[in-house]
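By convention in this document, chain letters (A, B, ...) are assigned in the order of the sequence lines, proteins followed by strands, and residues within each chain are numbered from 1.
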Amino acid sequence: MSEPQLRRKYPFDQIEPKWQRHWLEHKTFAAKDDTAKPKLYVLDMFPYPSGAGLHVGHPEGYTATDIFCRYKRMRGFNVLHPMGWDAFGLPAEQYAIDTGTHPSVTTKKNIDTFRRQIQMLGFSYDWDREVDTTDPHYFKWTQWIFLQLYKKGLAYEAEVPVWWCDGCKAVLANEEVNADGTCDRKGHKGVYRRPLRQWILRITAYAERLLADLEHVNWPHSIKEQQRNWIGRSEGANVEFAVAGSDLKIEIFTTRPDTLFGATYMVLAPEHPLVDKVTTAAQKSAVDTYRSAATKKSEIERGMTDKEKTGVFTGGYAVNPVNDEKIPIWIADYVMMGYGTGAIMAVPAHDTRDFEFAKKFGLEIRTVVQPPAGVDPHGFTGDGVSVNSGPITGLPTPEAKKKITEWLGERGLGEFAVNYKLRDWLFSRQRYWGEPIPIVHCAKCGTVPVPESELPLRLPEMKDYSPSGNAEPPLAKATDWVNCQCPQCGGAAKRETNTMPQWAGSCWYYLRYIDPKNAAAFVAKDKEKYWMPVDLYVGGAEHAVLHLLYSRFWHKVLFDLGHVSTPEPFTRLVNQGMILGEIEYLLFKRTDVNGAEFEVSASDLINITPMNAGKARAAAYHKDDPNRQVILGYPVSEGALTRTETGFALKDNRSIRVHMQCHKMSKSWGNVINPDDVVKEYGADTLRLYEMFMGPLEATKPWSMEGVQGIYRFLGRVWRLYCDEEGKLLVNDAAADTKLVKVLHQTIKKVGDDTEALAFNTAISQMMIFVNELTAQESRPRAVLEPFALLLAPYAPHIAEELWQKLGHTKTLSCEPWPQYDESLLVETTVQIVVQVNGKVRTRLDVPAQIAKEELEKLALAHADVQPFLTGKQVKKVIVVPGKLVNIAAA
RNA sequence: GCCGUCGUGGCGGAACUGGCAGACGCGCUGGACUCAAAAUCCAGUGGUAGCGAUACCGUGUGGGUUCGAUUCCCUCCGACGGCACCA
């Protein structure tokens, strides 16, 4: 591949560095805090500068926003488009532990690489606003915001069971634990619960607003839905059950208070504090055994074993407040301590879980909701009509809920309640490379915030950052740093040794860009007011519930404190889709007992599962093999294949079908495309344009090197429209013919409309149509080529600038106004009308655009190609859509 | 299991509020240029039948609404993403 250097179709290797330098030196894209122009704040999710460098996924979103920004500048907007680094985090620290290099050194190096790579793509960032979350001038304000939260009572310490990851030797947030019990960051398996003193942010206090305000943002439906699910609001009632023979009360939460009359037992979570008190002597050993087994399992393991329900009777009884019936109290691990009150009333007739449990343990199942006719009431969880339910008998479910809640309220037995799945945010990490939490622990004064005047609180220099493994953060070893004076009483005190999680710095970075050098405030009020909110935010969907929920939370706190002027930070959010590796073809082979290999047609396989072991890329079973012997699939080159009616098959043996697949780019799949290589071979403009041409921004799509070459050819053709092989200008002042002018104006309209709508792929195809049209012509009129350079500029800015300069302009085209199209030129004088008979196209008519309906109908009916389809039939109806078609309904 | 998104040629994908399905690109086929190749340019390219004009079929499946459905409604199938004993 790399031997004969591809002949340059145009000198991108000279043009691109030239213009990148020009833009940087002239600060072409510096945003001015200029209130006269309409503002536009376009934000990219800033990257974590990993050692691996830029990935082709990064430029996808960055190119999209860059095109939008460049376009909007030409439309007269004052655009803020910044970039920075989310640079705290584990990999740099891990690297430090492995090599002894200080994380700040690694971080700086990685940032330099990322900056170089990003600048090499010609993005129009305002580099004077670059931020770095590890810069003390930046994290000073991260710490400051933490103190505002602390002062508002939104940050607190607690000894709580937390997710501990043996692999990372650190606590994970709920959000960092995968559903299968592994760590989200590294996939480590040893993740379990352990109690630890933690800093926690009271995000639950904002649950209602975080949910409600989703109504007001223009975000993808799926992201909003994910946030709603994560917050998990549900309405119901808290109800108190007395414990029989004692003064104890057990509070439960239910979303179905209307089924209270069907409660035949109660379940406590094994960790519930009242378990000991309700357990009878006879049941004590059984309960203890069950409980210790349950605590050994993590909450995730419990969730995963979605098989048999388990539980133990405590021996105690509760009294159902609605009918004074005694019901047994059980403990079972299908009830979680972390949700609601950790206790439930069990209504086996109308709750799936309770139903299963009751069946297993032979507990009473009592129907209290009558389902619609024909539905089995046992295990019916939908809405119906209450039966056998005292005061609410006969009421439909929604009314029954309301009425019984009122009834409980009047008697002091319960009340309306709202519950959330959302838990408070575990905010501390037992690691070195993060923002120190600006808190001092004093024996006399307790927890004391570091005075704001002493911020930033820097990390101490350390030689050994390795975590001790016993949950003692590495900072504890920096005794000179830890031992300090209490800011309040002046006595001996110790600093907090936990650090903040990586999410902290990214919670507010979009605010710092607005005023990145301000030493007196995290952002000046007037500037904040001018630039906020962010008009467009583009990034990956993987941040749906983490970063995006956390930053909304912080923003709302800052809003309540009067520091920012908008309740939501990001007006519009767009997720760019993932770029997958190239499509590969797999040939499946089976080995028989003698070791001979047989090729197997993919059409005979089931359960084809991608895998990566040795050379094999997928595993499958033969559809007729009851023994399920594993058959492996190996990559095969496209050249060995041929097309058949049913798909791709081997050239040599057409009965052997191959399987097509593609997956996420990753080192292990060996399908990673490095942007550096693409830029070197084809140039940045090609990379930008290709990534936008692949498909809709939001879609997941596979990489194709041939597609890159197609774009490269296109840019070569663009270049040759303007100049010859020696670079001599071909453009002349000859008049453009009307057809060309028309295509130009169509292109101006479509590229403008599509860019506005972020439909970059179709904008590019329109530019291709324009170039194809012009290539077919002899003349090269300036009147169409000049505006075209401007249209191309947001997409392929380097080549556009160079051509603009060749056309004789001395200033950058970045500030030129966007070309205007002339509506009158787009109007067709004659149009082609489709004539259908019963919905099928039978002929086409070229007619004047203004033709009368009746005239058109007459022409259509009389047409020679139409007549044969009408003979022997009666015309029932004729539909005429002006400018489009005539449809004759005949029978 | 629940929630969400989506199924269009050989491939990536177009198609405004229901109105010519397959724009544009890739790939492939043929041609021009060349000693030859690369590059470039031109032409063709959903399937089936036919020399042909043309005809029939065709937007995951089955149905419905409509003069007309890739688009709207219902059923089922499949893919992807998220959540997962949340009371």
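- Atom NZ in A:Lys401 sits about 10 Å away from atom P in B:A87, given to the nearest Å.
- A donor-acceptor pair is defined here as one N or O able to donate and one able to accept, closer than 3.5 Å; no such pair exists between the side chain of A:His272 and the backbone of A:Ala343.
- Checking the phosphate oxygens (OP1, OP2) of B:C41, a side-chain nitrogen or oxygen of A:Arg720 falls inside 4.0 Å.
- Among B:G19, B:C86, B:A55, the nucleotide with an atom closest to any side-chain atom of A:Phe869 is B:A55.
- Ion pairing of A:Glu823 with A:Lys749 is absent here, as no side-chain N (NZ or NE/NH1/NH2) approaches a carboxylate O to less than 4.0 Å.
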Strictly under 3.5 Å: I want the nitrogen or oxygen pairs between protein and nucleotides 13-17 of chain B, one per line.
unit_1, atom_1, unit_2, atom_2, d
B:A14, OP1, A:Asn761, ND2, 3.1
B:C16, N4, A:Lys884, NZ, 3.3

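- Protein atom CZ of A:Arg353 is 17 Å distant from nucleotide atom P of B:G1, rounded to whole Å.
- Side-chain proximity of A:Lys421 to B:A87, B:G27, B:C86: nearest is B:C86.
- Summary of the strand contacts: A:Ile344 and A:Gln226 both lie near RNA chain B, and taking for each the nucleotide with the nearest heavy atom, the more 5' one is attributed to A:Gln226.
- Here B:G1 presents its C1' atom at 10 Å from CD of A:Glu356, a figure rounded to the nearest Å.
- With hydrogens and angles left out, the side-chain atoms of A:Thr63 and A:Glu691 include no donor and acceptor closer than 3.5 Å.
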Interface polar pairs with nucleotides 62-70 of chain B, N/O, under 3.5 angstrom:
unit_1, atom_1, unit_2, atom_2, d
B:C67, O2, A:Asn887, ND2, 2.5

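- Distance from the side chain of A:Asn229 is smallest to B:C3 among B:C56, B:C20, B:C3.
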